[in-house]
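Remarks on the structure that follows.
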Protein chains: 2
Amino acid sequence: MENLEHKHLAVLDEAARRGKSDTANMRLCFEVLALAAAIDRSCAARLAPYRLSEGKFVLLSLLRDLPDGLAPHELAERAGVTRATVTGLLDGLERDGFLLRHGDKDDRRKISVRLTSMGQAMAEDLFVEHSQWIGSLFAGFEPREREVFSGFLLRAWRNVEMPLDAGQTTVAGTSP
Amino acid sequence: MENLEHKHLAVLDEAARRGKSDTANMRLCFEVLALAAAIDRSCAARLAPYRLSEGKFVLLSLLRDLPDGLAPHELAERAGVTRATVTGLLDGLERDGFLLRHGDKDDRRKISVRLTSMGQAMAEDLFVEHSQWIGSLFAGFEPREREVFSGFLLRAWRNVEMPLDAGQTTVAGTSP
DNA sequence: GACATATAGTATGGCGCCTAATTATGAGTC
DNA sequence: GACTCATAATTAGGCGCCATACTATATGTC
């Protein structure tokens, strides 16, 4: 399978040149990274025409159907990014007319972020289209295949999450 | 499996709230993205102590053992990034003493980028350590498992690469 | 009521990546 | 030799993300 990123090919070449024989593991790793990168690129390309990024799309999804809006720190928490990042994303979304910041009368530190009607409509449309697209990427897999796939991912995940100084020789077993 | 990114959980929740029933596909997609993100994060954390990023590491790998160095545009090509990006990475690497830019006597547009001895030593050490780490992430997989895994990735890849306006109903089959 | 402490949001500056524009140089043509 | 065209590297400006530091406001305690 040749679906690798250029930079990873370079690393693989170097590894081969150095006589490293078991590059199959590395290759598999790079295949995962390449697939994810391709998905991210495709996602970005789909959202770009609306002046949206993936991060902005997540914020729109979070704010959809919430007339009272959410506070920036709640958005940060639910989106899994820092508050500073949310500030930046909100700046762009507000500039482009997707939402507004409303001050809180009781607590003047607080702000509630609410979609404009335009933002609401955009969130509505995009969410349906986008989630269909995401689902389509992994259509054609039988439930059993999905389980196996997911299990593979989990095994790799465990290796990644391993504490840095723990026994490096531990290996992805099949046990629960 | 709960190894998902916060932002993707938000999107999944929204999808469920909207009565979307087949979220298994989306979930699988997000699992792939989460694994890749975890790998990237871990990679960045491992390189950070040396003031290196993944992009810089690739450049070091490319320059290793090349006493005559490479031109920036060759680096860009082999690393799969733009020349402008290479300029930025080289600025950092040069500032930190990993390499030097040498002007070409014959063609004064050209530049050859060469590692310093410090850069060479760093590239040497890091490359071995880093490629071992990458390999370890997917250790514990039987060759047959790797094939299946790789096949899954390929099927998803085909769905991603599908032209935007082509039949959206096409699905990841098992056929070659 | 004054004070420390916590919280909310933002500004600042960094990195990696991009596109588009710019500067310098080389090469081919008339 | 002047012109155009191509090439090499860079700059300028943008986005998304981060960590850190700051400002304004609230709250609890003495």
Side-chain angles (χ1 to χ4, degrees), chain A residues 5-7 33 36-37 40-45 47-60 69-96 98-113, chain B residues 5-7 33 36-37 40-45 47-60 69-96 98-113:
Chain A
E5 306 252 275
H6 227 135
K7 61 182 174 188
L33 293 177
D40 284 342
R41 268 196 308 274
S42 189
C43 177
L47 292 174
Y50 309 99
R51 310 195 55 166
L52 290 175
S53 63
E54 198 203 333
K56 286 175 177 172
F57 170 75
V58 171
L59 293 194
L60 287 195
L70 284 175
H73 76 272
E74 292 177 300
L75 289 169
E77 201 177 317
R78 303 193 193 183
V81 296
T82 64
R83 271 175 266 167
T85 298
V86 165
T87 297
L89 295 176
L90 291 180
D91 285 348
L93 288 168
E94 190 167 25
R95 165 174 48 75
D96 293 341
F98 291 106
L99 52 79
L100 285 172
R101 286 159 157 122
H102 296 264
D104 184 308
K105 284 210 163 42
D106 295 344
D107 188 336
R108 287 165 60 193
R109 294 171 304 181
K110 289 184 184 167
I111 268 181
S112 118
V113 178
Chain B
E5 307 253 275
H6 227 134
K7 62 183 173 186
L33 294 178
D40 284 341
R41 268 196 307 273
S42 188
C43 176
L47 293 174
Y50 308 100
R51 307 196 58 165
L52 290 174
S53 62
E54 199 204 331
K56 285 175 178 172
F57 171 75
V58 170
L59 293 195
L60 287 194
L70 285 176
H73 75 271
E74 292 176 300
L75 289 169
E77 201 177 318
R78 302 193 195 183
V81 296
T82 63
R83 278 180 231 179
T85 297
V86 166
T87 297
L89 295 175
L90 292 180
D91 285 348
L93 287 168
E94 189 166 26
R95 165 175 46 77
D96 294 340
F98 292 106
L99 52 80
L100 285 171
R101 286 159 156 120
H102 296 264
D104 186 307
K105 285 211 163 42
D106 296 342
D107 188 337
R108 287 164 61 194
R109 296 170 304 179
K110 290 184 184 168
I111 268 182
S112 115
V113 178

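Both backbone and side-chain heavy atoms feed into the values below; hydrogens, waters and symmetry mates do not. Computed from a predicted model, the values in this text were never measured in an experiment. Numbers restart at 1 for each chain; the letters A, B, ... are given by sequence-line order, proteins then strands.
- One axis for each end of the helix from dG1(C)-dC30(D) to dC30(C)-dG1(D), each built from five base pairs, and the angle between them comes to 20° at 10° resolution.
- Close approach of DNA chain C to chain A, defined as any atom under 4.0 Å from a non-hydrogen atom of the protein, starts and stops at dA6(C) to dA11(C).
- Contact check of residues 105-112 of chain A against DNA chain D (heavy atom, cut-off under 4.0 Å) returns Asp106(A), Asp107(A), Arg108(A), Arg109(A).
- Atom-to-atom distance recorded for Leu99(B):CG and Ser112(B):OG is 10.5 Å, nearest 0.5 angstrom.
- In this structure the side chain of Phe98(B) never reaches within 4.5 angstrom of the side chain of Leu59(B), judged on heavy atoms.
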* Show your working on side-chain contact (heavy atoms from CB on, under 4.5 Å) between Asp91(B) and Arg101(B) and close with a plain yes or no. => CA-CA 10 Å; Asp91(B) 285 348; Arg101(B) 286 159 156 120; 3.0 Å; yes
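- Taking only side-chain nitrogens and oxygens, Thr87(B) never comes nearer than 4.0 Å to OP1 or OP2 of dA9(D).
- For Lys110(A), the salt bridge (charged side-chain N to carboxylate O under 4.0 Å, His left out) criterion is met by no residue, not counting sequence neighbours.
- Between Leu75(A) and Leu90(A) there is a side-chain heavy-atom pair separated by less than 4.5 Å.
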Please tabulate the protein-to-nucleotide N/O contacts below 3.5 Å involving nucleotides 16-18 of chain D, giving atom names and distances.
| unit_1 | atom_1 | unit_2 | atom_2 | d |
| --- | --- | --- | --- | --- |
| dG16(D) | OP1 | Ser53(A) | OG | 2.9 |
| dC18(D) | OP2 | Thr82(A) | N | 3.2 |
| dC18(D) | OP2 | Thr82(A) | OG1 | 3.4 |
| dC18(D) | OP2 | Thr85(A) | OG1 | 2.6 |

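- Within the 4.5 Å cutoff, the side chain of Glu94(B) has heavy atoms near those of the Leu100(B) side chain.
- Annotation for Asp107(A) and Asp104(A): closest pair N-OD1, 3.0 Å, computed over non-hydrogen atoms.
- Under the 4.5 Å side-chain criterion, counting only non-hydrogen atoms from C-beta, Ile111(B) is in contact with Pro72(B).
- Listed by chain and number, the residues in a side-chain contact (heavy atoms from CB on, under 4.5 Å) with Ala84(B) are Thr82(B) (sequence neighbours excluded).
- Here CZ of Arg51(A) is found 5.0 Å from CZ of Arg95(A). Values are rounded to the nearest 0.5 Å.
- Looking at Lys56(A) and Leu47(A), their side chains never come closer than 4.5 Å, going by heavy atoms from C-beta outward.
- Between Cys43(B) and Glu54(B), the shortest heavy-atom contact is SG-CG, 3.9 Å.
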